[in-house]
Structure formats: structure tokens, C-alpha cells
2 protein chains.
Amino acid sequence: MPRPRTSETAERIRAAALELIAEKGVQQASLREIAERVGITKPALYYHFASREELLRGLVQPLVDDVEELLARLESAPSHDAREMLGAYFDVTYRHRAITKMVMQDPSVLAHLDLAAAVDGWRRRLQALLFGPAPTLAQQTRATVAVGGLGDCTVMFTDAPFDELRRATLDAACATLGR
Amino acid sequence: MPRPRTSETAERIRAAALELIAEKGVQQASLREIAERVGITKPALYYHFASREELLRGLVQPLVDDVEELLARLESAPSHDAREMLGAYFDVTYRHRAITKMVMQDPSVLAHLDLAAAVDGWRRRLQALLFGPAPTLAQQTRATVAVGGLGDCTVMFTDAPFDELRRATLDAACATLGR
DNA sequence: GTCTATAAGCCGATAGAC
DNA sequence: GTCTATCGGCTTATAGAC
């Protein structure tokens with residue numbers, strides 16, 4: 001058996017943190033409560049994570065990496081249609097929907113992790129992919145409603161089957177764009 | 001001069017709290033900093049507000065009251081079309097956009113004020129007004145994207161002229177609904 | 001109405017034993 | 001890897017003088 005890249009305890013800490021954050025919000029999820037849920041003491045957390053910030057960053061990073069990769073891919077091949085692009089974006093947010101939910105329920109966590117500018121950039125880059133580099137206000141609102149609503153649906157309808165939710169969400173988002 | 005219903009200092013405290021919340025988020029705006037901005041000490045706040053929770057509740061209540069009144073009015077006269085209803089909802093959120101922004105940037109404040117159920121009810125009642133009492137998933141996603149996006153636009157495009165923003169936002173929301 | 005002083009508690013983080 | 005014990009700092013909130 002190969003040595004694990006990430007320790008099992010660290011994984012359990014991440015899982016407990018995500019659980020607690022989903023229940024109470026980021027700011028309300030203290031290291032004390034996370035440790036309690038894992039069944040260890042608070043100082044033991046510090047053996048696995050240098051700080052609370054590092055723990056949070058580790059949670060958010062997979063989503064950040066996947067969105068950045070997706071946007072880079074779409075920008076390098078600018079021939080895609082809107083439904084295809086929004087579908088790929090939906091898939092990424094759905095795959096990381098626990099983190100998506102956390103970020104949407106408290107966007108201020110992004111500022112604390114110095115990610116606010118990056119995420120603001122996502123919105124701008126998606127707008128550019130949909131409507132070009134200088135969208136009108138009418139186009140900006142359409143993009144905002146479509147992309148924001150896509151995230152809302154990912155987080156809100158957790159009981160719906162994936163395929164059905166994906167189709168319904170993309171239908172709504174594409175209707176918003178007038179496509 | 002009649003005795004004021006609300007003291008001037010209490011108003012200045014509310015204004016300073018909203019300012020600070022807009023800058024740093026709800027949880028990060030402490031009573032110490034609010035008092036500092038008003039130019040008084042922290043215990044002096046407690047002469048005007050019994051607790052931090054009462055101060056926050058006072059900030060949110062005008063939005064809550066206006067939305068409840070709007071929904072009751074729409075439900076008592078169910079003959080309105082979608083654009084008219086969404087327009088009225090846009091006007092309310094825009095009039096209270098400072099508080100709307102606060103709630104959207106940290107929805108967890110609603111849970112702390114026991115308002116989460118009420119706001120969840122708003123979504124359900126708006127869906128019922130738009131699509132009847134038992135909407136399909138496709139209709140639920142359309143309503144979610146339209147209503148959520150409307151709030152996003154209220155908060156995001158603060159520099160746009162009201163009339164232009166209102167028209168663009170309602171165009172986008174109505175396109176989402178397929179109307 | 002506002003002040004000084006302080007209580008009581010939670011937070012993130014660290015020291016050092018085992 | 002996990003523990004006990006603790007530090008410094010922040011929070012909401014109160015007591016009591018002026």
C-alpha cells in the first residue's frame with residue numbers, strides 16, 4: 001500500500017469542517033467545534049493544518065483550480081456556444097457543490113482568502129465569453145442573472161436528479177441570455 | 001418641535017452600522033467599531049439598543065415589512081402579470097438595497113435573526129404567484145434564476161441609473177421565465 | 001446620555017509532556 | 001499524533017459614577 005498523499009485524519013477534519021460550515025456558515029464554524037466533531041482536541045488540528053486560514057484555503061482550492069482551468073480552456077478555443085459553456089460551468093460548480101454552497105452562503109470568505117478579485121474576474125471573463133469584451137448593461141444583467149442563477153440552482157435543488165436538474169437549469173439560463 | 005419617535009443618535013448608530021457592514025460584512029462589524037465611527041463609546045450603544053441582535057433586527061425589519069406587505073397584496077389580487085410582480089419586487093429590494101446587499105453578502109444573518117424560514121417562504125410564495133402552487137422542477141429553476149438574479153442585479157450595478165437598470169433587469173428576468 | 005471599569009466567554013494559536 | 005494547560009486578544013454585555 002502506497003503512502004497516502006493526504007493523511008486520513010486531515011481528510012476527516014476537512015469533511016467535518018465542510019459539514020459544520022454547511023450547517024452554520026463559515027464564520028460560525030470554529031476550530032473547537034470542528035475538532036469536537038472529529039473527536040480530537042483543538043491543538044491536534046494544528047498538527048495537520050498550520051492555521052484556520054490554511055484549512056479553509058484547502059477546502060476552496062479544488063473549485064478555484066477547476067474553474068480557472070475551465071475558463072482558460074474556453075478562452076483558448078472561442079468557438080463554443082453559450083449552452084455548451086454554461087453547461088461546463090454548471091458541471092464544475094455541481095462537482096464542488098459543497099464548496100459552492102459555502103461560498104454562496106458567505107461570499108466574504110473569499111475576501112479573507114484574497115480570492116475576491118479572482119472570483120470577480122470569473123464573472124467578467126464569463127461575460128466576455130458570452131457577449132464580448134464590452135457588454136452593454138442589458139447584456140451584463142443577462143449574464144449576471146444567468147450565471148448567478150446557475151449557481152443558485154446548483155446549491156438549492158440538492159434532491160433533484162443530476163440530469164434533470166442540469167437540463168432545467170441550462171434551459172433557464174439560456175432563456176435568460178435569449179439564446 | 002415634537003418629540004422624535006427615534007432619537008437622532010440611534011439613527012446615527014444605524015447609519016454607521018450599515019456603512020461598516022457594507023465595508024466588512026455583518027459578522028466583522030463589531031459594536032466597538034460602530035461606536036468608534038459614531039464617536040461614542042461602546043456602552044453608550046446599549047442606552048439606545050438592548051443588544052447587538054436588536055440593532056441588526058432594526059436594520060432588516062423595514063425590508064421584511066415591505067416584502068411581506070407586497071406579497072400579501074399580490075396574493076390578495078392574483079390577476080397580475082409576471083413583469084408587474086417582478087417589477088414591484090425589484091422596487092422593494094432596490095429601495096432597501098443597502099440591506100438587500102447585506103443579506104445577500106451574508107445570508108447567515110437571517111438564521112441568527114430567525115428570519116431564514118420567512119425568507120425561504122418569500123421564494124416559495126413568489127414561485128406560487130408565478131407558476132401556481134405545485135411548480136415543476138423546470139418552473140422552479142426558472143423562478144429561482146429570475147428572482148435570485150433580480151436581487152443580484154440590484155446589488156451589483158450600483159452605478160447604473162435606476163430606470164435603465166430596472167428595465168434591463170426585468171427584461172432579463174422575464175426572458176428567464178419565458179414571458 | 002455618556003462615561004470608566006470590568007465581567008465572562010469564545011476565539012485562534014502555542015508550549016511542552018507523552 | 002494527540003494531549004493538558006495556557007496566552008493574548010477580541011467579543012457582547014453590565015455596573016455604577018457623572
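We name chains A, B, ... by the order of the sequence lines, and we start the count at 1 in each one.
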Whole-Å distance separating the [atom1] atom of [X] from the [atom2] atom of [N]:
| X | N | atom1 | atom2 | answer |
| --- | --- | --- | --- | --- |
| A/K42 | D/dT2 | NZ | P | 17 Å |
| A/Y47 | C/dC18 | OH | P | 19 Å |
| A/R52 | C/dC10 | CZ | P | 16 Å |
| B/I13 | C/dT2 | CD1 | C1' | 11 Å |
| B/F49 | D/dT12 | CZ | P | 14 Å |
| A/L31 | C/dG12 | CG | P | 4 Å |

Tell me whether [X] contacts the main-chain N or O of [Y] through its side chain, where contact means a donor paired with an acceptor under 3.5 Å.
| X | Y | result |
| --- | --- | --- |
| A/Q140 | A/P135 | yes |
| B/Q139 | B/T136 | yes |
| B/Q127 | B/A143 | no |

| request: Give one of base, sugar-phosphate or nothing for B/S30, where a contact means two heavy atoms less than 4.0 Å apart. | output: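 Sugar-phosphate, backbone atoms only, no base.
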Picking from [options], which would you name as closest to the side chain of [X]?
| X | options | result |
| --- | --- | --- |
| A/Y46 | D/dT2, D/dA13, C/dA13 | C/dA13 |
| B/H48 | D/dC3, C/dG1, C/dC3 | C/dG1 |
| B/S7 | D/dA13, D/dG1, C/dG1 | C/dG1 |
| A/P43 | D/dT2, C/dT2, C/dT14 | C/dT14 |

| query | Between A/E19 and A/R14, is there a salt bridge with N-O shorter than 4.0 Å? | reply |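 Salt bridge between A/R14 and A/E19, a charged N being under 4.0 Å from a carboxylate O: no.
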| D/dT11 phosphate, OP1 or OP2, under 4.0 Å from B/R32 side-chain N/O |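 So the side chain of B/R32 is within the cut-off, an N or O lying under 4.0 Å from OP1 or OP2 of D/dT11.
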